[in-house]
Q: 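Quick one: the structure is below, and I'll ask about it shortly.
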Amino acid sequence: MSSIHTFDLPIRGMTCANCAGRVERALNKVPGVSGASVNLASERAHVEADAPLAMLVEAVQQAGYQVPIGELKLAVEGMTCASCVGRIERALSKAPGVRGVSINLASERAHVQLLEGTEADALIAAVERAGYRARLLQEAPRVDPQAALRRERLAVIAALLLAAPLVLPMFAGHWMLPAWAQFLLATPVQFVLGARFYVAAWKAVRAGSGSMDLLVALGTSAGYGLSLYLWATAGHHAPHLYFEASAVVIALVLLGKYLESRAKRQTSAAIRALEALRPERATRMKDGREEEVAIAQLRLNDHIVVRPGERFPVDGEVLEGHSQADEALISGESLPVAKAPGDTVTGGAINGEGRLIVRTTALGGETVLARIIRLVEDAQAAKAPIQKAVDRVSAVFVPAVLLIALLTLGGWLLAGAGVEQALINAVAVLVIACPCALGLATPAAIMAGTGVAARHGILIKDAEALELAHRVSVVAFDKTGTLTSGQPCVVHLAATGIDESELLRLAGALQQGSEHPLARAVLDAARERDIALPALGASQALSGRGIRGEVEGRALLLGNQRLFDELGLSSELRERATAWEAEGRTLSWLIENGEPGRVLGLLAFGDSLKEGAAQAIAGLRERGIESHLISGDNAGSAGAVGRALGIDRVHAQVLPADKAAHVAELKRGGATVAMVGDGINDAPALAAADVGIAMGGGTDVAMHAAGITLMRGDPRLVPAALAISRRTWNKIRQNLFWAFVYNLIGIPLAAFGLLNPMLAGAAMALSSVSVLSNALLLNTWKPDTEKRP
């Protein structure tokens with residue numbers, strides 16, 4: 001029977017009574033709503049319903065208004081398996097104001113979407129009622145993981161040392177320790193070292209659900225209790241006791257949990273490595289003096305001194321000095337990046353050999369490093385769609401195992417076996433059926449995959465993008481800023497009467513001192529060829545046409561087609577100019593002024609291809625992925641880029657608003673589409689694609705719309721992102737396969753008496769460790785760009 005809940009929804013966007021009425025009508029139409037009233041003054045809606053909060057929020061949004069949704073992160077203690085995750089999610093989902101919950105067993109964190117203004121205390125209380133402990137992530141005490149691991153290791157060693165004398169005599173024949181010795185060895189293992197299982201099991205029972213701890217506590221208690229009974233009723237002969245089975249099971253489970261903790265720590269290594277990049281102090285310049293201050297004391301526009309070898313404490317702009325920055329752990333860029341006045345620097349990068357003075361432009365949570373950490377944490381906390389199916393299995397897993405154990409007990413008794421044999425087989429069922437591996441299979445792979453991707457400059461923002469990326473069959477690229485640099489360069493030269501070097505020497509002389517993008521392209525081309533430029537005499541800009549100047553006593557003109565036509569010139573280079581114009585190139589004619597004028601040469605400018613663009617397209621082709629270019633440029637320019645890179649299909653002169661429509665059309669054709677872009681005009685297409693990939697250095701809008709962000713503008717990271725997605729997806733599938741196989745094989749073996757409790761305990765511990773170890777193999781992944789010389 002459904003229960004009525006009261007919701008107090010904040011509403012944004014209402015301006016008049018009509019708005020309030022519209023929201024009220026929308027809410028009252030939601031199935032399950034028994035009454036809704038809206039107060040315009042307080043901007044809140046009071047709703048009584050047995051409908052989920054998400055339906056109410058959706059109704060308000062469809063009416064044209066907003067329900068502000070916030071986020072909360074909790075550190076949760078005491079989770080041991082997938083059943084624990086399900087119990088906490090159910091408890092939080094029932095709390096007032098909660099819209100969505102995602103819990104990661106591997107990172108032991110809860111990510112909660114909730115109505116703005118919802119009290120965190122209510123959520124923490126809901127977790128505690130479920131039998132666990134929760135704190136706000138920022139308030140959770142910093143636990144030394146090494147100290148926690150040492151405590152776990154000591155418990156494991158103690159359990160193994162106490163259990164060993166119980167097991168070793170079995171290998172020497174039928175001889176066994178006296179019953180009193182077995183009792184003394186097994187009891188501290190059962191009730192001191194194994195106390196954690198009883199505490200957690202009791203919390204689970206009190207909350208009305210099951211967990212791995214309940215299975216272990218029931219199984220080992222049954223074995224221990226049976227041993228006490230057999231000892232008490234044995235009389236004068238030595239009974240066969242099962243103290244060793246219970247003690248060894250607990251020792252093996254503790255060993256498995258210890259190895260699991262070690263492996264889980266490794267899956268979060270990426271976050272710890274990023275957090276370690278944050279310096280705690282900085283050197284600030286104030287009134288001409290240097291002073292060392294804590295990072296928290298810095299303010300925007302402060303001047304910071306960064307000495308050689310130090311980490312940049314903030315994001316900023318270089319004011320003085322020249323150096324290089326090692327940004328490998330932030331962007332994945334393996335080579336140092338030159339820094340000079342006017343260049344930006346990123347907090348956490350390592351300064352090279354030069355002393356720099358930097359003006360602070362971002363602090364705290366707004367720095368690039370803080371945003372990267374936030375994105376990686378969110379991705380690791382998120383659930384892949386496949387995990388939802390696993391959660392449904394986990395919800396019924398423990399009750400199903402308890403039922404199978406009871407059926408095993410009853411079946412053996414009905415078959416005529418003794419109580420002893422029937423109970424031992426039921427215990428083996430309880431022990432082997434641990435859902436730990438099931439709960440860790442997906443989050444462990446996601447944490448390892450997103451972590452190793454982040455180390456190489458690939459930020460995967462959500463688990464859904466990670467799951468979809470492995471199926472991508474078409475990658476659509478924007479052109480400018482994505483496959484090309486967005487800066488013009490000299491792509492063709494043609495000279496008549498002089499050679500190409502002389503053409504560049506004279507053209508470069510005319511462009512000296514100009515800041516025009518085409519002028520910089522000419523000067524860069526001359527610099528690349530080590531051409532020394534002569535002095536420029538009197539010069540004059542020709543509005544909309546070019547420039548006039550005197551070089552070494554010669555009157556020269558450098559201008560566009562309009563200037564060429566105005567002078568009424570003809571040239572043998574005209575055919576070449578027409579062909580280059582068809583490619584979408586911008587032309588500049590070098591002319592010696594006179595009666596008549598004489599054409600000395602022709603320069604064609606185009607957007608330069610990014611280094612690695614051709615390798616990126618080739619890498620996609622190797623994987624059987626089709627490439628498309630969707631550009632607003634003319635057909636000639638877009639076609640030239642498409643031919644140069646070997647792109648499968650080119651769509652030119654596409655308006656920004658139509659890019660998303662092109663992506664949608666590809667999806668309707670059955671393709672799984674990734675869109676790669678960097679600009680504001682790419683954001684709709686990035687959002688429309690199955691997977692949006694934003695290039696580093698692009699706009700924040702593009703990065704927010706994309707599921708994957710590349711920290712540097714290297715196109716080769718696109719196939720790399722798809723490769724790590726595919727590798728991670730394979731690990732998820734392998735992990736789930738092994739997690740299910742352990743149970744599908746182990747439970748029947750135990751039920752039919754073919755698996756004793758000790759072997760069941762070993763198999764159960766092995767299942768969790770093997771799943772985590774398999775996930776950690778992702779840490780060996782490297783992009784192809786780093787494998788090739």
Q: Can D524 and R527 be counted as an ion pair, charged N to O under 4.0 angstrom?
A: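 Counted as a salt bridge, because a side-chain N and a carboxylate O are separated by less than 4.0 Å.
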
Q: Looking at G352, is its backbone amide N or carbonyl O close enough to the side chain of S323 to form a donor-acceptor pair, meaning the two atoms are under 3.5 Å apart?
A: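 Yes, the answer is positive, given that a donor and an acceptor are paired below the 3.5 Å cut-off.
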
Q: Taking 4.0 angstrom as the limit, do D478 and K659 come out as a salt bridge?
A: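 Judged by the 4.0 Å cut-off on N to carboxylate O distance, D478 and K659 do form a salt bridge.
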
Q: In terms of side-chain geometry, is the basic nitrogen of R359 or E320 positioned less than 4.0 Å from the acidic oxygen of its partner?
A: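 Looking at R359 and E320, the cut-off is not met.
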
Q: Just by distance, do the side chain of S725 and the backbone of A721 share a donor-acceptor pair under 3.5 Å?
A: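 No, because the side chain of S725 does not come within donor-acceptor range (under 3.5 Å) of the backbone of A721.
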
Q: So, does D302 use its side chain to make a donor-acceptor pair with the main chain of R299 at under 3.5 Å?
A: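 Between the backbone of R299 and the side chain of D302 there is a qualifying donor-acceptor contact (under 3.5 Å).
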
Q: Set out, in order, the CA-CA distance, both residues' side-chain angles and the distance that settles side chain to side chain contact (heavy atoms under 4.5 Å, CB included) for L356 and F312, then state yes or no.
A: CA-CA 10 Å; L356 299 177; F312 292 99; 3.7 Å; yes

Q: To the nearest 0.5 Å, what is the distance between CD1 on I547 and CG on L518?
A: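 So the gap between those two atoms works out to 12.0 Å.
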
Q: Where do I617 and F477 land on the side chain to side chain contact (heavy atoms under 4.5 Å, CB included) test, with the steps shown first?
A: CA-CA 10 Å; I617 302 302; F477 290 90; 3.6 Å; yes

Q: Tell me if a side-chain donor or acceptor on N351 pairs with a main-chain N or O of R307 at a distance below 3.5 Å.
A: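 Flag set: sc N351 to bb R307 pair under 3.5 Å.
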
Q: Is there a donor-acceptor contact under 3.5 Å from the side chain of T484 to the main chain of K479?
A: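 Yes, because the side chain of T484 sits within donor-acceptor range (under 3.5 Å) of the backbone of K479.
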
Q: Step by step, would you call L558 with L556 a side chain to side chain contact (heavy atoms under 4.5 Å, CB included)?
A: CA-CA 7 Å; L558 184 66; L556 299 176; over 6 Å; no

Q: Rounded to the nearest 0.5 Å, what separation is found between the CZ atom of R726 and the CZ atom of R623?
A: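 Spacing of CZ (R726) from CZ (R623) equals 7.0 Å.
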
Q: Please check if the number of heavy atoms outside E575 that lie under 6.0 Å from its CD is greater than 12.
A: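 No, CD of E575 has 12 or fewer neighbouring heavy atoms, counting only those of other groups under 6.0 Å.
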
Q: Does this structure show an ion pair linking R649 with E626, if we count only N-O contacts that are shorter than 4.0 Å?
A: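 No.
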
Q: For A282 versus L298, what's the shortest heavy-atom pair and its separation?
A: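 Closest approach of A282 to L298: CB-CD1, 3.9 Å.
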
Q: Is E500 paired with R529 through a side-chain N to carboxylate O contact shorter than 4.0 Å?
A: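 Looking at R529 and E500, the cut-off is met.
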
Q: Can we say K339 and E317 salt-bridge, meaning some charged N sits less than 4.0 Å from an Asp/Glu carboxylate O?
A: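 Between E317 and K339 there is no salt bridge, as every charged N stays at least 4.0 Å from the carboxylate O atoms.
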
Q: Okay, side chain of D287, backbone of R289: is any donor-acceptor separation there less than 3.5 Å?
A: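 Absent.
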
Q: Minimum heavy-atom separation for P313 and I304, please, with both atom names.
A: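 For P313 and I304, the tightest heavy-atom pair comes out as CG-CG2, 3.7 Å.
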
Q: CG of L587 to CZ of F605: how many Å apart, nearest 0.5 Å?
A: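 Answer rounded to 0.5 Å: 9.0 Å.
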
Q: Kindly give the heavy-atom pair with the smallest separation between A638 and A652, and that separation in Å.
A: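 For A638 versus A652, the nearest heavy atoms are CB-CB, 3.9 Å.
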
Q: Please check if atom CD in E290 has more than 12 non-hydrogen atoms from other residues, nucleotides or ligands closer than 6.0 Å.
A: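 Buried by this count: over 12 neighbours within 6.0 Å.
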
Q: Could you state the interatomic distance from CG (L666) to CE (M675), rounded to the nearest 0.5 Å?
A: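 The CE atom of M675 is 10.0 Å from CG of L666, to the nearest 0.5 Å.
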
Q: Determine the minimum heavy-atom distance between G606 and V491, stating which atoms define it.
A: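 For G606 and V491, the tightest heavy-atom pair comes out as N-CG2, 3.8 Å.
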
Q: Would you find a donor on one side and an acceptor on the other, under 3.5 Å apart, between the side chain of D690 and the backbone of A674?
A: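 Not at all, since once roles are kept as given, no pair shorter than 3.5 Å links the two residues.
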
Q: Do we see a donor-acceptor contact under 3.5 Å between the side chains of T361 and D315?
A: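 Their side chains do not contain a donor-acceptor pair, so the 3.5 Å distance test is not met.
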
Q: Name the orientation class of the two ring planes belonging to H492 and W580 (parallel below 30°, tilted from 30 to 60°, perpendicular beyond 60°).
A: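 Geometry flag for W580 against H492: parallel rings.
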
Q: Spell out, as yes or no, whether a donor-acceptor pair under 3.5 Å connects the side chain of D658 to the backbone of A661.
A: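 No: the side chain of D658 does not pair with the backbone of A661.
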
Q: Just say parallel, tilted or perpendicular for the rings of W729 and H470, cut-offs at 30° and 60°.
A: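 Rings of W729 and H470: parallel, under 30°.
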
Q: Please report the closest heavy-atom contact between V599 and S570, naming both atoms and the distance.
A: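 Looks like CG2-O, 4.3 Å.
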
Q: Give a yes or no on whether the backbone of A509 and the side-chain of Q512 come within a donor-acceptor separation of less than 3.5 Å.
A: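 Yes, Q512 side chain to A509 backbone: donor-acceptor pair under 3.5 Å.
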
Q: Mark yes or no for whether N560, through its side chain, and L563, through its backbone, hold a donor-acceptor pair below 3.5 Å.
A: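 Yes; at least one donor-acceptor contact below 3.5 Å.
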
Q: Could you tell me which non-hydrogen atom of G677 sits nearest to which non-hydrogen atom of T482, and how far apart they are?
A: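 What the structure gives for the nearest pair is CA-OG1, 3.6 Å.
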
Q: First locate atom CZ of F564, then atom CG of L602, and finally report the distance between them rounded to the nearest 0.5 Å.
A: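 Output value for this atom pair is 8.5 Å.
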
Q: Is E592 salt-bridged to R554, going by a charged N under 4.0 Å from an acidic O?
A: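 Yes, E592 and R554 are salt-bridged.
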
Q: Under a 4.5 Å cut-off applied to non-hydrogen side-chain atoms, are L483 and K610 in contact?
A: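 No, too far: nothing below the 4.5 Å cut-off.
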
Q: Can you check side chain to side chain contact (heavy atoms under 4.5 Å, CB included) on V676 and M695, steps first, answer last?
A: CA-CA 7 Å; V676 187; M695 297 293 283; 3.7 Å; yes

Q: Would you say the side chains of S627 and R621 form a donor-acceptor pair under 3.5 Å?
A: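 S627 vs R621: no donor-acceptor pair found between side chains.
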
